[in-house]
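For reference, the structure discussed in these notes is given below.
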Amino acid sequence: MKNNVIIPDLSPYQGDRGGSKYISSPVLIGSTPLGGDNPIRLQSMTNTDTLDTKSSVAQCIRIIEAGADYVRLTAQGVREAGNLGVIKKELRKAGFGTPLIADIHFNPLAAETAARLIEKVRINPGNYADKRASFEKQELTEKEYIEELERTHSKLLPLINICRENKTVIRIGINHGSLSDRIMTRFGNTPEGMVNSAMEFIRIFRAENFTDLVLSMKSSDTSIMIRATRLLAFMMQKEGLSYPLHIGVTEAGEGEDGRIRSAAGIGALLSEGIGDTIRVSLSEDPEKEIPVAKKLAEYYPRGISRSEPEKPLSFITPSIKPEITKRINGPLVIVNLTSYPELNLNAYKDAGFSVNSESLMIKRSDASADLIIIKNPPENIPDNVSLVLPFKIWYNNRDNEKLFPLFSPETFHESTYSSEKLNILLTGSHFNIEYLKKPDPDRVLIIFTFDPEKEQYAPHTFLNSLEENNLRHNIILNPVFHENNLEDLQVKAAALLGRYVIDKRVAGISVTNNGEVDKRELTALAFSILQCTETRITRTMYLSCPTCGRTKFNLQESVKKVKEVTGHMKGLKIAVMGCIVNGPGEMAGADYGYVGASNGKVHIYRGTVPVLKNVPEKDAAAELLKLIESDQTNL
């Protein structure tokens, strides 16, 4: 049995899927089929104690009534796994036939017990047959490597036989935060390592002729999750495999950030036709995840990706940027305030600037738009404010270095006069490629405006056209939505724009909305999309898990406390984790971690190293702040 997979070099695809669309083959989970042409299925996970039958049943019902197709419960031990049968019986008595899924870490006996009782079992290759990762190199000879795989095969065999007998489906759930030392030594804690971990297990199941599998690639980093899932789909296509894919962003957080981070990652894959079931992981009550997941599934329903252009995207943002934008580390944010007759104080606030209520002084912050499009110039323009005006109005004020012209491509092409520093061209799906052949990347930005309700894949067509004509331009995407609900706008904008900013296809974004959402929210949303995709960090980033039955403290309250004491800081990444299953691994990119250790006790990490252990929960947020302040003082 060949287990040692060699991942091909996909650098020519620059992170894209690099091939034809992935179409999965269905598997039957209880009475609810997954994959193929079936609808995208929604799921969530309970956070009750699995031994507490009454609470678990009640929460399962809330999740189901919210619209879930499957419900997952943790089974950290054999007792918890056994009680899944009781929970299932009570749900069936109450009239709910929704399939249940057991979530297993470290305990094959728990998996084998659960597999006899419920419809699906999720196992983690990083810890099913291996010890918890030590993040230390485990150099193995080829013979030793094969022996490790044979040991893993032996550990899996009882589960395979039980699942075959009981028609139980298995999800091979890879977590970026819990790869085995064997995998990380050979392939790194990387998307390639994640895919190799999955392929090891797939080959074992194939050797036993077991095909009722679902695969997932989970990470709190949207770019890693997307690349790993694309790469897995590519590898399976190459080997003639087509297992359904479960997608989601782990430790997405809560509130706006949790929704935007999840929408950006999940939406990127759904837009490409990748994904058969989704879970939006929020640090909130689990039933609140389902409405968000439903919005994503409705925005990219099964089959919509077939309207995507056949040619995969290869366009990458040029390395040359206009001089005035080089001070900005990451994609630009542009705000259109032409609805204002003049640039007053409220307009500045809508663009993310702070206004002193007494002095009326206007001050730039990290959340201020880089460029503001307006109709007419104000008499006085504050420092660090850059304004964009229609070309004819700009021409009459061209001596002001804070003003820049807005052209149509046709006007710019024909004009004999333009700014030596920065020119903005406004176009849309009606573009004529001939008029885009004159602009210079070092002094031009092109804003591509489109209506995603009518032309969801318009940016794809536009960017491919530029590539085909060998044109390298800095593109700003400007979708025009029509939303009256902020959450709807957040989910749709992040799902649409996420793939383009994560894959570095564009130089910036501008969110326009013709509905009733406050304009101030549009600027904040644009920055949140960049923050949550880690393409432009303007504040502290928080990762937090969605809680489950393994959580040993009130995670939602802990997230709130950690944000209260660290929210004034900038540029840090802080992880708040309910337990140590994935905590240390998912914190590989975090500066600090706040991790549940036991009932009411917290370990505080610097990177992946626990520097304070068993801190009482009531003191943990304050101790975390002390550690951060001490580290910053000693820099």
Side-chain angles (χ1 to χ4, degrees), residues 2-27 34-36 40 125-126 171-176 179 183 186-206 211 213-219 221-249 264-278 300 302-306 308-316 457 460 463-464 467 498-500 502-505:
K2 184 182 177 184
N3 281 287
N4 188 7
V5 184
I6 303 299
I7 295 294
D9 176 21
L10 290 191
S11 55
Y13 301 112
Q14 297 294 336
D16 213 322
R17 62 186 183 278
S20 59
K21 292 181 174 67
Y22 182 81
I23 300 175
S24 63
S25 299
V27 298
L34 172 68
I40 296 167
R171 169 156 72 100
I172 302 174
I174 311 298
N175 271 68
H176 180 229
L179 297 177
I183 286 290
R186 185 165 284 212
F187 302 103
N189 194 15
T190 62
E192 289 76 11
M194 294 169 70
V195 173
N196 269 287
S197 181
M199 295 304 295
E200 282 184 356
F201 269 52
I202 288 173
R203 291 176 189 280
I204 290 171
F205 282 103
R206 288 182 69 194
T211 58
L213 298 175
V214 178
L215 276 294
S216 67
M217 302 273 118
K218 293 289 195 80
S219 174
D221 186 314
T222 52
S223 63
I224 289 175
M225 184 278 285
I226 291 168
R227 179 168 172 78
T229 306
R230 286 171 173 163
L231 186 53
L232 176 66
F234 178 84
M235 284 299 297
M236 288 201 294
Q237 280 181 310
K238 187 179 178 185
E239 300 204 7
L241 306 175
S242 54
Y243 301 117
L245 292 169
H246 168 130
I247 58 176
V249 179
I266 294 171
L269 293 171
L270 292 182
S271 73
E272 298 169 6
I274 298 174
D276 300 285
T277 178
I278 60 178
Y300 286 116
R302 176 76 74 208
I304 194 171
S305 63
R306 289 166 191 167
E308 180 191 25
E310 282 296 321
K311 182 185 174 185
L313 281 172
S314 56
F315 185 92
I316 299 296
Y457 291 101
H460 193 130
L463 294 173
N464 270 343
E467 182 77 23
R499 65 187 294 218
Y500 297 106
I502 290 169
D503 290 342
K504 297 180 173 57
R505 311 292 187 200

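All values reported here derive from a predicted model rather than from experimental measurement. Numbers for residues simply follow the sequence, beginning at 1. No hydrogens, no waters, no symmetry mates; every other heavy atom, side chains included, goes into these values.
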So do [Y] and [X] actually touch side chain to side chain, heavy atoms under 4.5 Å?
X	Y	result
Pro125	Glu200	no
Asn189	His176	yes
Glu272	Tyr300	no
Ile247	Ile226	no
Val195	Phe234	no

Taking every non-hydrogen atom, the tightest pair across [X] and [Y]:
X	Y	value
Ser24	Pro244	CB-CA, 3.7 Å
Ile502	Ser223	CG2-CB, 3.6 Å
Tyr243	Thr211	CE2-O, 3.5 Å
Val27	Leu213	CG1-O, 3.9 Å
Leu232	Leu215	CD2-CB, 3.7 Å
Ala233	Leu245	CB-CD1, 4.4 Å

Would you compute the distance between atom [atom1] of [X] and atom [atom2] of [Y] and round it to the nearest 0.5 angstrom?
X	Y	atom1	atom2	result
Met217	Ser197	CE	OG	7.0 Å
Met194	Glu192	CE	CD	10.5 Å
Leu34	Arg171	CG	CZ	10.5 Å
Ser271	Tyr500	OG	OH	6.5 Å
Ser242	Met236	OG	CE	7.5 Å
Ile202	Met235	CD1	CE	9.0 Å

Is the closest basic N to carboxylate O distance between [X] and [Y] below 4.0 Å?
X	Y	result
Arg505	Glu467	no
Glu308	Arg499	yes
Arg203	Glu239	yes

Would you mind telling me which of Leu269, Val249, Ile40 makes a side chain to side chain contact (heavy atoms under 4.5 Å, CB included) with Ile278?
-> Ile40
Taking atom types as modelled, find out whether Ser219 and Asp221 have a side-chain donor-acceptor pair closer than 3.5 angstrom.
-> no
Do His460 and Lys311 have side-chain atoms, one donor and one acceptor, less than 3.5 Å apart?
-> no
For salt bridge (Lys or Arg N to Asp or Glu O under 4.0 Å), just list the numbers for Arg227 and Asp503, CA-CA rounded to whole Å, side-chain angles, deciding distance to a tenth of an Å, and then say yes or no.
-> CA-CA 9 Å; Arg227 179 168 172 78; Asp503 290 342; over 6 Å; no
Would you check, one step at a time, whether the test side chain to side chain contact (heavy atoms under 4.5 Å, CB included) holds for Arg230 with Ile274?
-> CA-CA 8 Å; Arg230 286 171 173 163; Ile274 298 174; 4.3 Å; yes
